[in-house]
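There's a structure below that I have some questions on.
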Amino acid sequence: MDTILTGMRPTGALHVGHYVGVIRNMVALQKSGAECYFFLADWHAYNALIDNVDVITKSRYEYVKGWIAAGLDPKISPIYRQSDIPEVLMLNQIFQCLTPPGWADRSPSWKDFINNPNASRLLDNVGFFAYPILQAADIAIVKGKRVPVGADQVAHIELAREIVRKFNRQYKANLPEPEALLTTFPKLPGTDGGTKMSSSIGNVISLNETEKSLQKKVNKMKTDDQRGGVEQPGNPDNCTVYDFHKAFSPSNEVSLINESCRAAGLSCGECKMKLGGNMKDILMPIAERFNQISDSDVNDILSDGARKAKVRTHATWEEIKSLTKF
Ligand code: ATP
Ligand code: MG
């Protein structure tokens, strides 16, 4: 059976974009009985936050609590820190030597950084440039095959596949060629209507929002700016609230909202109350569980997870050493 591997950078709040884009798949895959590895990509976070590592430490707790509150069971699959697994960095070194710089240069994250004059200057480092190579090592060291990710990571997983393929050819090896696995919402927009919810932009609804703060954020979301008033028809295709309904409301209700909005039968205020209600139903039980998990629970989960993950990573590294004769 295919092995599943996915990681997230502890770089701020765990938010509902992560939830609908990746975590829903992580939970479903674990429930399906697949062998899964879940890790905190703290070396990847370091590329972006070298001047602010406190954020990484703080987010570590938030991410693990959020994953477990959302339904992951750390007894079934290891949850670990990337930085607890030295074999990842050793394999990364081999992969770096197999990867022409032009391949890394194709990384969309690097291109975004180069083309965005407002991007943080902290990203101007070779670690960030080469991070898709480290991702390839993250996946290959556990022999991962399917990788739940959001839409922005698909190109990176393709690059990882090329690197693994090259390694397999060079050393007559048989590492699985990784594939991206998307949910039906691989890119949730931000509350500001921006194309992607992201903690670095600050347009997020976090996974442990209170009822009050959740509804407040929903109320501030942009609706169809062409709609003249409640008595005029609106266009759901031009509305952030409708995008969120698609991700959080039952499908029969989504169709009804679409029709009523177009027929001027539903005000934006009512529509936001409906969305807030549906999001509360999903998120409040998660927030409640989140708040019951202590930092010391997280420390125990991570040390246990590292111990379990190392069984696999150590075995893969031994194979790689013998194949590469290094
Ligand atoms: P943030 O900027 O909020 O920290 P990120 O893109 O840095 O988000 P990562 O930790 O790098 O998040 O990625 C974790 C996973 O979550 C990736 O697979 C990414 O594609 C996915 N993801 C992040 N934001 C969204 C979103 N708004 N919608 C869907 N998936 C997302
Ligand atoms: Mg992040």
Side-chain angles (χ1 to χ4, degrees), residues 4-29 36-49 52-53 55-64 66-67 70 72 79 81-83 107-113 116 118-120 122-123 127-128 130-132 134-136 138-139 144 146-160 178-209 217 221 240 243-244 246-248 279:
I4 312 292
L5 171 283
T6 199
M8 288 190 195
R9 298 183 306 159
T11 53
L14 193 64
H15 53 68
V16 297
H18 296 133
Y19 179 67
V20 297
V22 186
I23 298 173
R24 272 181 177 170
N25 255 352
M26 292 159 74
V27 174
L29 286 158
C36 301
Y37 291 84
F38 304 121
F39 72 100
L40 291 173
D42 47 6
W43 278 124
H44 289 290
Y46 190 76
N47 288 334
L49 287 168
N52 206 353
V53 285
V55 173
I56 304 176
T57 314
K58 189 165 166 273
S59 315
R60 175 192 309 157
Y61 294 100
E62 178 138 342
Y63 276 55
V64 175
W67 286 352
L72 288 190
I79 293 179
R81 285 168 67 184
Q82 182 188 33
S83 60
S107 141
S109 302
W110 183 250
K111 282 215 180 88
D112 284 352
F113 163 70
N116 177 3
N118 299 322
S120 160
L122 289 180
L123 296 177
F128 183 65
Y131 96 79
L134 179 56
Q135 283 182 317
D138 293 326
I139 301 166
R146 290 191 294 154
V147 187
V149 283
D152 58 334
Q153 291 296 330
V154 171
H156 292 162
I157 305 305
E158 274 164 17
L159 180 58
E179 287 164 19
L181 201 65
L182 298 178
T183 66
T184 41
F185 282 89
K187 198 173 197 178
L188 190 76
T191 51
D192 58 353
T195 52
K196 189 187 164 214
M197 180 173 285
S198 165
S199 44
S200 57
I201 303 172
N203 56 4
V204 308
I205 292 177
S206 69
L207 215 51
N208 61 333
E209 213 71 58
K217 287 187 175 179
M221 279 185 197
T240 310
D243 286 334
F244 275 68
K246 286 189 279 187
F248 292 99
M279 289 184 76

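Both backbone and side-chain heavy atoms feed into the values below; hydrogens, waters and symmetry mates do not. Numbering of ligands and ligand atoms starts at 1, following listing order.
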Polar-atom distance check: Phe185 versus ligand 1, any N or O pair below 3.5 Å?
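No - when backbone and side-chain N and O of Phe185 are compared with those of ligand 1, no distance drops under 3.5 Å.
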Tell me, which pairs form a salt bridge (Lys or Arg N to Asp or Glu O under 4.0 Å) where one or both residues lie in residues 179-188, sequence neighbours left out?
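Applying salt bridge (Lys or Arg N to Asp or Glu O under 4.0 Å) to every pair that reaches into residues 179-188, excluding sequence neighbours, yields Lys145-Glu179.
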More than 12 heavy atoms of other residues, nucleotides or ligands under 6.0 Å from CZ of Phe128: is that the case?
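Buried by this count: over 12 neighbours within 6.0 Å.
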Are any of the N/O atoms in Ser198 less than 3.5 Å from those in ligand 1?
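So ligand 1 has an N or O lying under 3.5 Å from an N or O of Ser198.
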Taking only heavy atoms of Lys187, which atoms of ligand 1 are found under 4.0 Å from at least one of them?
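Counting atoms of ligand 1 from 1, those under 4.0 Å from Lys187 are 28 (N), 29 (C).
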Just by distance, no angles: are the side chains of Ser206 and Glu209 close enough, under 3.5 Å, to form a donor-acceptor pair?
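Note: Ser206 and Glu209 side chains meet the donor-acceptor criterion.
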Given side chains that start at C-beta, do those of Ile56 and Thr11 come closer than 4.5 Å, heavy atoms only?
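Of all side-chain heavy-atom pairs linking Thr11 with Ile56, none is under 4.5 Å.
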Please could you name the atoms of ligand 1 that Thr11 approaches to less than 4.0 Å, counting only its heavy atoms?
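This gives 4 (O) as the contact atoms.
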Heavy-atom donor-acceptor pair, Thr191 side chain to Asn203 backbone, under 3.5 Å
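Yes: the side chain of Thr191 pairs with the backbone of Asn203.
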Does an N or O anywhere in Val22 fall below 3.5 Å from an N or O of ligand 1?
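For ligand 1, there is no N or O atom that lies under 3.5 Å from one belonging to Val22.
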Is any N or O atom of Gln153, backbone or side chain, closer than 3.5 Å to an N or O atom of ligand 1?
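In fact, backbone or side chain, Gln153 has no N or O that close.
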Numbering the atoms of ligand 1 from 1, which are under 4.0 Å from a heavy atom of Gly21?
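Those qualifying, in numeric order: 29 (C), 30 (N).
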Indicate the ring-plane relationship of Tyr46 and Trp43, choosing parallel, tilted or perpendicular according to the 30° and 60° boundaries.
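Aromatic pair Tyr46/Trp43 classed perpendicular.
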Under 4.0 Å from a heavy atom of Gly150: which atoms of ligand 1 are those, numbered in the order shown and with their elements?
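Matching atoms, with element in brackets: 17 (C), 18 (O), 19 (C), 20 (O), 21 (C), 30 (N).
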Under 4.0 Å from a heavy atom of Ser199: give me the atoms of ligand 1 that qualify, with their elements.
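Numbered from 1, ligand 1 contributes 1 (P), 2 (O), 3 (O), 4 (O).
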Considering residues at least two apart in sequence or located in another chain, which fulfil the side-chain contact (heavy atoms from CB on, under 4.5 Å) criterion with Asp152?
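Partners of Asp152 by the side-chain contact (heavy atoms from CB on, under 4.5 Å) criterion, ordered by chain and then number, come out as Lys196.
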For Asp152, the ligand 1 atoms whose distance to one of its heavy atoms is below 4.0 Å
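Counting atoms of ligand 1 from 1, those under 4.0 Å from Asp152 are 6 (O), 19 (C), 20 (O).
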Between Met8, Met197, Lys196, His15, which one has a non-hydrogen atom sitting closest to atom 5 (P) of ligand 1?
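That would be Lys196.
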The one among Gln135, Arg9, His18 that brings a heavy atom closest to atom 10 (O) of ligand 1
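It is Arg9 that holds the nearest heavy atom.
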Contact atoms of ligand 1, heavy-atom distance to Val149 under 4.0 Å
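So the atoms of ligand 1 that pass are 18 (O).
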Does the side chain of Tyr131 come under 3.5 Å of the side chain of Ser109 through a donor N or O and an acceptor N or O?
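There is such a pair between these side chains.
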Any N/O of Pro148 closer than 3.5 Å to an N/O of ligand 1?
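In this structure, Pro148 places no N or O atom under 3.5 Å from an N or O of ligand 1.
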Look only at the side chain of Ser59 and the backbone of Glu62, and say whether a donor-acceptor pair between them is shorter than 3.5 Å.
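A pair under 3.5 Å: no.
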Would you kindly check if the NZ (Lys) or CZ (Arg) of Arg24 is within the cone defined by 45 degrees around the ring axis of Phe248 and under 6.0 Å from the six-membered ring centre?
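Geometry flag: set, cation within 6.0 Å and 45°.
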Atoms of ligand 1, numbered as shown, that sit under 4.0 Å from any heavy atom of Pro186:
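What qualifies from ligand 1 is 28 (N), 29 (C), 30 (N).
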